[in-house]
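Notes to accompany the following structure.
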Amino acid sequence: MNSHLLSVEDLNKAEAIAILNTAEELGKISDGPMKKLPTLRGRTVVNLFFEDSTRTRISFETAAKRLSADVINFSAKGSSVSKGESLKDTAQTLQAIGADAVVIRHSASGAAQRLADSGWISAAVINAGDGTHEHPTQALLDALTIRQHFPNMDGDLSGLKVAIVGDILHSRVARSNVLLLTKLGAEVTLVAPPTLLPVGVESWLASRSYDLDRVIPSMDVVMMLRVQQERMSNFFFPSAREYSKAFGLTNVRLAHLQQTAIVMHPGPMNRGLEISSESADAENSVVLEQVANGVLIRMAVLYTLLGGVPLHSGSETTL
Ligand code: NCD
């Protein structure tokens, strides 16, 4: 594995499965009386967030703290970035304070790659979402959540049918998930209005549909995406009501899911727009499991990149 995690493309199938397995092992230990492990004691993880975030930032922070790393939270608002400091100066400052890992979220696609390739910093760079490009740890936590519901001998997702529904155009979550879930053997169908599909989607390893009602009954997993109004400068659909009617997970559609199917959403949710409140809170909704798994996946990624000592499940002192 590379010393950075910038894209799902950085992982082959075996490496992705190894991260899922490590996350599960860490989960077993975290369920015990001692949540905190000494693995990354003395290491420094910087959360460098140029874009708003709730879940992802606190998830990385919790993960790093559970591994006993020191965590510095840096958000662009209220920092010298708002005074015009460049990414280069910010990176050099982080280098000078001795960061071992930098978790970066940025509105520009390619920002994590830029930081990793720049030579400004020797830390491991982890992409926590770059523009509309990628969000690899989200895809990993989604894969873990799916695998927990549909376990098999190979530890992958072979044969599972997954629909990713909604604002694919603006979604780094969709792109990373298509790459990872197909690598793990799932069949992915994208469901969206034509205006919310990106140019070049034909080359993605996923089929496409404009008809959610037709797709729903055969799916094992239905992943709803947030309508990203903050990235929309144009009109992409006639009205919120029309959008929900055609592409929302309504109560009626919820009732047409297979009994074993699960409902996912990366959050934050627009209840009543892409997902009804009843669907978000339904028994087969795994939204909060996704959040919990997020911590385990980020622990596993930090552990893997920063070269924590080998894992021996259940044995506190070896970690
Ligand atoms: C996603 C993101 O920021 O890309 N959220 C997240 O990380 N949990 C999806 C979104 O903002 O809709």
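Whatever order the structure lists them in is the order used to number ligands and atoms, beginning at 1.
- Under a 3.5 Å cut-off, the side chain of N270 and the backbone N or O of E274 do not form any donor-acceptor pair.
- Atoms of ligand 1 found under 4.0 Å from any heavy atom of R105, numbered from 1 in the order shown, are 2 (C), 3 (O), 7 (O).
- A salt bridge links E61 and R57; the closest N-O separation between the charged side-chain nitrogens and carboxylate oxygens is under 4.0 Å.
- In this structure, D156 pairs ionically with K13, as a charged nitrogen and a carboxylate oxygen lie closer than 4.0 Å.
- Residue-ligand proximity: E51 is placed with every non-hydrogen atom at 4.0 Å or more from ligand 1.
- Of all protein heavy atoms, the one lying nearest to atom 12 (O) of ligand 1 is R226 NE, 2.7 Å.
- Rounding to the nearest 0.5 angstrom, the gap separating the CE atom in M264 from the CE atom in M224 is 13.0 Å.
- Between G267 and ligand 1, a contact under 3.5 Å exists for at least one N or O pair.
- Between H170 and F236, the ring planes lie perpendicular to each other; the angle is over 60°, past the 30° to 60° tilted range.
- S3 contributes atom OG, which lies 7.5 Å from atom CG of L305 (distance to the nearest 0.5 angstrom).
- Remark: minimum distance from atom 7 (O) of ligand 1 to any protein heavy atom is reached at H135 NE2, 2.8 Å.
- Of the protein's heavy atoms, R172 NH2, 2.9 Å lies nearest to atom 3 (O) of ligand 1.
- Interface of V173 with ligand 1, defined as ligand atoms under 4.0 Å from a residue heavy atom, comprises 1 (C), 4 (O), 9 (C).
- The existence of a salt bridge linking R253 and E278 is excluded, since no basic side-chain nitrogen approaches an acidic carboxylate oxygen closer than 4.0 Å.
- Here is the list of ligand 1 atoms found below 4.0 Å of a heavy atom in Q138: 6 (C), 7 (O), 8 (N).
- For the pair P266 and ligand 1, the shortest N or O to N or O distance falls below 3.5 Å.
- Annotation for ligand 1: atoms under 4.0 Å from non-hydrogen atoms of T56 are 6 (C), 7 (O), 8 (N).
- Using a cut-off of 4.0 Å between Lys/Arg side-chain N and Asp/Glu carboxylate O, E187 and K161 are scored as salt-bridged.
- The distance criterion of under 3.5 Å between nitrogen or oxygen atoms is not met by R55 with respect to ligand 1.
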